[in-house]
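Quick note on labels: first sequence line is chain A, next is B, and so on, each numbered from 1.
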Number of protein chains: 2
Amino acid sequence: MPDESPNPPQPRGSYAKGVARRQEILDRAIEVFAQRGSDRTSMRAIAKEVGVTHAALAHYFGSLEELLVEVYRESERQGGARPPVNPEETPVEMMRRSAEVNREVVGLVQLYSTLVATALEDGHPAAHEFATTRFAGLRQDLAARVRLNQQAGRIRADLDPEAIAALVIAASDGLQTQWLLDSDAPQDAALLLLEQLLSRP
Amino acid sequence: MPDESPNPPQPRGSYAKGVARRQEILDRAIEVFAQRGSDRTSMRAIAKEVGVTHAALAHYFGSLEELLVEVYRESERQGGARPPVNPEETPVEMMRRSAEVNREVVGLVQLYSTLVATALEDGHPAAHEFATTRFAGLRQDLAARVRLNQQAGRIRADLDPEAIAALVIAASDGLQTQWLLDSDAPQDAALLLLEQLLSRP
DNA sequence: GTCTATACGTCGATAGAC
DNA sequence: GTCTATCGACGTATAGAC
């Protein structure tokens, strides 16, 4: 796209107001989702809670799917502003902390499950992009942590970091699901078991 | 449930035809889901593929949710008619076989993910009942297998069978998801890793 | 650019005809 | 037992007010 004007065309006029409004909507939507689940989440219902019309949501987010993805992304971003993370923290410890936080915001976990399930179907590019990127990034991050821990002697050095990363993420997600369906399911016990299995003997 | 009449009241009139028709619909629906994913799955679309109207589906299954649950249940039942299972088969081996089969019927795995995600939300009794029962039953079955394997010396005897069962199920589900999103994800490697971790040293 | 009003087609569910 | 007809709610798209 040649011939770009030296004055970028976007932030002209009341553009700033738009991004602020968009942020307002996202913040409010996160509260709504965290409280009551991701059920009853039509554009009209969300719009009513936020205080706009459903057409306004379409204006800012394009589609319901993109809105849901943005809500979850933003909630992760805000949740990520937690105490600075020790990079040598064990991957399982990291997931256990995450699971603990998630128990307080069940609606966001429901939203996450919905997004992942949607991503598996064809014809949902926004959800697919979100899930693919998230899993690939998480696997990479966790694999790096595994290597650090292996060097520090806290994780068995004979195990493949990539496989460990995928396994820890899968266990974390799957146990979260089982726990949401049955709070007697041994979520933390199973994560501790995995931690023990990975530990250097 | 006392006082059952010797002549059960249900199969009166052309009831037998009804169950046959219902079975026909289920069989056809399973084919449809196995082929193309669980997307495009409105009652009207399914009805068209099956050759009836959407009102007929509602007559037999009550709601879309119940139809989806029944389709998956029936597909599991039919898939369960596979080679008799060695009860001492290791839990991870069992899940690896299952994963192998599932790769051929991606649409049914998509349907499963949708059902589980739906079950996490409020106000979906059929999906919730399905998922709760399935996980509880699977955990029980796998825990029993773990105990057998522990006695046979194939799984470390110092580990909690219930926690192992939950962990194996979670890993299996979660890795399936990651693999569907990215066929480079180390699904089998991670399951083999888990097998190795659980093995008696 | 921001946002409302409105309309379109499809959805799950249901009632009633046959 | 299966259909047609109809209902309210949905996601999306667009025209135009400001």
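- Atom CZ in Phe61(B) sits roughly 18 Å away from atom C1' in dT14(C) (whole-Å rounding).
- The ring-ring contact (aromatic ring centres under 6.0 Å, His included) test applied to Tyr72(B) returns Tyr112(B), Phe130(B), not counting sequence neighbours.
- In the model, Gln78(B) has a side-chain atom that pairs as donor or acceptor with a side-chain atom of Glu74(B) under 3.5 Å.
- When all heavy atoms of Asn102(A) and Gln176(A) are compared, the closest pair comes out as ND2-NE2, 3.0 Å.
- The residue among Ile25(B) and Arg44(B) whose nearest nucleotide of DNA chain D is located toward the 5' end is Ile25(B).
- The residue Ala56(B) sits close only to the backbone: its heavy atoms come under 4.0 Å of sugar-phosphate atoms, none of a base.
- Contact between the side-chain N/O atoms of Arg22(B) and the OP1/OP2 oxygens of dG1(D) is not found at any separation under 4.0 Å.
- Checked by atom type, the side-chain pair Arg139(A)/Gln178(B) shows a donor-acceptor distance below 3.5 Å.
- Phosphate proximity of dT2(D) to Thr53(B): absent, as no side-chain N or O sits under 4.0 Å from OP1 or OP2.
- For Ala55(A), counting side-chain heavy atoms from C-beta on, the closest listed nucleotide (dG1(D), dA15(C), dT4(C)) is dT4(C).
- When distances are taken from the side chain of Lys17(A) to each of dG1(D), dT2(C), dA13(D), the shortest belongs to dT2(C).
- Rounded to a whole Å, the CD atom of Glu65(A) is 18 Å from the P atom of dC10(D).
- Taking atom CD of residue Glu66(B) and atom C1' of nucleotide dG12(C), one finds them 12 Å apart after rounding to whole Å.
- Protein atom NE2 of His54(B) is 12 Å distant from nucleotide atom P of dA5(D), rounded to whole Å.
- Closest approach of Asp141(A) and Met94(A) over heavy atoms only: OD2-CE, 3.7 Å.
- The distance from atom CE of Met43(B) to atom P of dC3(D) is 13 Å, rounded to the nearest whole Å.
- Going from atom CG of Leu57(A) over to atom P of dA13(D) covers 14 Å, rounded to whole Å.
- One finds a side-chain N or O of Ser42(B) lying less than 4.0 angstrom from the OP1 or OP2 phosphate oxygen of dC11(C).
- Atom P of nucleotide dT12(D) and atom CG of Leu64(A) are separated by 6 Å, given to the nearest angstrom.
- Counting to the nearest Å, the C1' atom of dG1(D) and the CD atom of Gln23(B) are 18 Å from each other.
- Look at His59(B) and you won't find any side-chain N or O under 4.0 angstrom from OP1 or OP2 of dT2(D).
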